[in-house]
Number of protein chains: 2
Amino acid sequence: MKQLFGTHEHRLDAKGRVSVPAAFRNAWKDVPDMTIVLRPSLIAGCVEGWPMPAYAKYEQELAAMAETDPNRQGWATKIYSDAVELELDGQGRIAIPDHLAAEAGLGEVVCFLGRGSHFHIWAPDGAKVFLEATRALAPKLTFGAPPA
Amino acid sequence: MKQLFGTHEHRLDAKGRVSVPAAFRNAWKDVPDMTIVLRPSLIAGCVEGWPMPAYAKYEQELAAMAETDPNRQGWATKIYSDAVELELDGQGRIAIPDHLAAEAGLGEVVCFLGRGSHFHIWAPDGAKVFLEATRALAPKLTFGAPPA
DNA sequence: AGAAATCCCATGATTTCCCATAAAGTGGGG
DNA sequence: CCCCACTTTATGGGAAATCATGGGATTTCT
């Protein structure tokens with residue numbers, strides 16, 4: 001499974017559908033019966049989307065926990081109960097469920113961020129703030145001409 | 001994977017395409033399904049290009065960070081969200097996305113600098129300044145050769 | 001039957017593919 | 001050493017495929 005790159009803005013139509021960026025779809029084009037898991041992000045303010053094969057990693061972590069571990073129920077809630085599994089339609093779109101869209105404050109335009117194994121869906125403003133805040137976490141060296 | 005050498009000027013066409021220097025393409029001609037990752041350089045002012053196999057170094061760095069480490073989000077933004085994965089067309093060209101070209105101030109002529117594992121894409125002036133500034137950072141030994 | 005979800009087709013814009021050409025580099029023979 | 005044929009490179013442009021998006025028709029559920 002290839003990694004997910006880039007930021008892509010797309011438009012939610014009247015039926016709540018959005019095109020998943022072609023760049024993402026190409027990353028899993030050889031996986032048969034591909035599905036996407038959507039759930040509220042642990043980072044507030046966005047929806048997280050996982051290609052099913054990558055989501056298996058969470059399932060393994062859960063399986064590794066003892067049946068009696070009290071954290072287990074918390075994990076199971078986040079991984080399963082709060083999540084939805086979706087298929088893409090014939091045009092490569094998904095329909096974002098209302099409760100997820102509302103929780104993330106999504107409007108007509110949404111912004112997909114590739115995060116390697118998975119992706120984020122933000123309202124455009126939220127994406128901008130998030131990108132700038134996270135970029136600032138590492139220093140930047142400057143040589144030569146400043147950007148125009 | 002061979003190292004990338006040299007300085008090469010090429011021309012962006014009306015569709016935003018540039019030929020990747022043949023010297024670079026030859027370095028990875030035996031890698032199947034080769035792709036290039038472009039992203040804003042951590043050094044301001046240029047676009048950085050990475051042959052996919054070499055980019056794995058960043059992916060490993062990210063994987064080594066704890067899930068809870070705040071720097072992890074910073075890296076994921078720089079490595080994935082700010083980056084694009086591209087293929088070469090049949091003529092060995094890549095299409096540089098507008099936002100990357102704009103951020104690096106690229107005009108019609110761009111300058112490729114081999115950097116071993118990866119390469120830089122600069123506007124010609126930026127490349128000149130960068131090369132001179134960085135040359136000055138390396139010590140120079142003098143033996144025998146007459147001063148100019 | 002009515003509401004909602006799903007399937008399918010349509011369309012304009014963009015991107016990719018493929019062919020063409022000119023310049024430059026390569027090698028061999030005389 | 002020079003010239004010629006051939007290959008590789010860089011670049012341009014038109015045709016074809018893909019993408020994002022909208023909307024109608026059909027099905028499903030209650």
Side-chain angles (χ1 to χ4, degrees), chain A residues 2 4-30 33-36 38 49 51 84-102 106-114 119 121-124 127, chain B residues 2 4-30 32-38 49 83-102 106-114 119 121-124 127:
Chain A
K2 292 178 64 186
L4 273 22
F5 285 92
T7 91
H8 315 265
E9 283 205 347
H10 284 305
R11 177 168 289 277
L12 272 171
D13 69 18
K15 300 180 187 174
R17 301 173 298 184
V18 233
S19 294
V20 173
F24 294 179
R25 291 178 344 234
N26 289 336
W28 60 66
K29 65 167 170 287
D30 25 74
D33 304 316
M34 185 63 186
T35 60
I36 297 291
L38 291 188
V84 211
E85 187 183 5
L86 302 171
E87 293 188 352
L88 306 200
D89 72 11
Q91 278 66 247
R93 292 176 288 199
I94 52 175
I96 303 181
D98 289 346
H99 73 279
L100 287 176
L106 301 183
E108 213 192 0
V109 175
V110 299
C111 186
F112 289 80
L113 305 185
F119 58 89
I121 308 176
W122 290 87
Chain B
K2 294 176 66 185
L4 307 181
F5 286 95
T7 298
H8 315 265
E9 283 203 347
H10 284 305
R11 175 169 289 277
L12 271 173
D13 70 17
K15 299 180 187 173
R17 301 174 298 185
V18 234
S19 294
V20 173
F24 294 178
R25 288 176 349 230
N26 290 334
W28 60 66
K29 65 166 171 287
D30 26 73
D33 303 315
M34 186 63 185
T35 60
I36 297 291
V37 175
L38 292 187
V84 211
E85 189 184 3
L86 301 171
E87 295 188 351
L88 305 200
D89 72 11
Q91 279 64 248
R93 291 176 289 198
I94 52 175
I96 303 182
D98 289 346
H99 71 280
L100 286 176
L106 301 182
E108 215 192 358
V109 175
V110 300
C111 186
F112 287 80
L113 305 184
F119 58 88
I121 307 176
W122 289 89

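Throughout, a chain's letter reflects where its sequence line sits, starting with A, and its residues are numbered from 1. Worth saying up front: this structure is predicted, and the values here are computed from it rather than measured.
Chain A approaches DNA chain D within less than 4.0 angstrom (heavy atoms of the protein), and the contacting nucleotides run 5' to 3' from dC19(D) to dG24(D).
Taken to the nearest 0.5 Å, the CG atom of Leu113(B) stands 11.0 Å off from the CG atom of Leu4(B). Note that CZ of Phe5(B) and CZ of Phe24(B) are 10.5 Å apart. Values are rounded to the nearest 0.5 Å. We find the CD1-CG distance between Ile121(A) and Leu38(A) to be 5.5 Å, quoted to the nearest 0.5 Å. Of the inter-residue distances, the one linking Ile94(A) atom CD1 with Ile96(A) atom CD1 reads 5.0 Å to the nearest 0.5 angstrom.
By the 30° and 60° cut-offs, the orientation of the rings of His10(A) relative to His8(A) is parallel.
Comparing Ser19(B) and Ala23(A) against DNA chain D, the residue whose closest nucleotide sits nearer the 5' end is Ser19(B).
The salt bridge (charged side-chain N to carboxylate O under 4.0 Å, His left out) check on Glu87(A) picks up nothing, with sequence neighbours excluded. Under the rule for a salt bridge (charged side-chain N to carboxylate O under 4.0 Å, His left out), the partners of Arg11(A) that lie at least two apart in sequence or sit in another chain are Glu108(A).
Spacing between atom CD1 of Ile96(B) and atom C1' of dT15(C) amounts to 16 Å, rounded to whole angstrom units. If you take NE2 of His8(B) and C1' of dA23(C), they are 18 Å apart, rounded to a whole angstrom. Rounded to whole Å, the distance from CG on Asp13(B) to C1' on dT21(C) is 15 Å.
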Could you list, one pair per line, each protein nitrogen or oxygen that sits under 3.5 Å from a nitrogen or oxygen of nucleotides 17-19 of chain C, together with the distance?
from, atom 1, to, atom 2, distance (Å)
dC17(C), N4, Arg17(B), NH1, 3.2
dC18(C), N4, Gln91(B), NE2, 3.1
dC18(C), N4, Arg93(B), NH2, 3.3
dC19(C), N4, Gln91(B), OE1, 3.3
dC19(C), N4, Gln91(B), NE2, 3.0

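Evaluation of the side chain to side chain donor-acceptor pair (under 3.5 Å) test over residues 13-24 of chain B, restricted to residues two or more places apart or in two chains, returns Asp13(B)-Arg17(B).
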Open item on the list: As a quick check of understanding, evaluate side chain to side chain contact (heavy atoms under 4.5 Å, CB included) for Trp122(B) and Thr7(B), giving each step before the final call.
Closed with: CA-CA 11 Å; Trp122(B) 289 89; Thr7(B) 298; over 6 Å; no
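Counted within 6.0 Å of CG on Asp30(A), heavy atoms from surrounding residues, nucleotides or ligands total more than 12; the atom is thus considered enclosed.
Direction of the helix axis in the helix from dA1(C)-dT30(D) to dG30(C)-dC1(D) shifts by 40° between the two five-pair termini, rounded to 10°.
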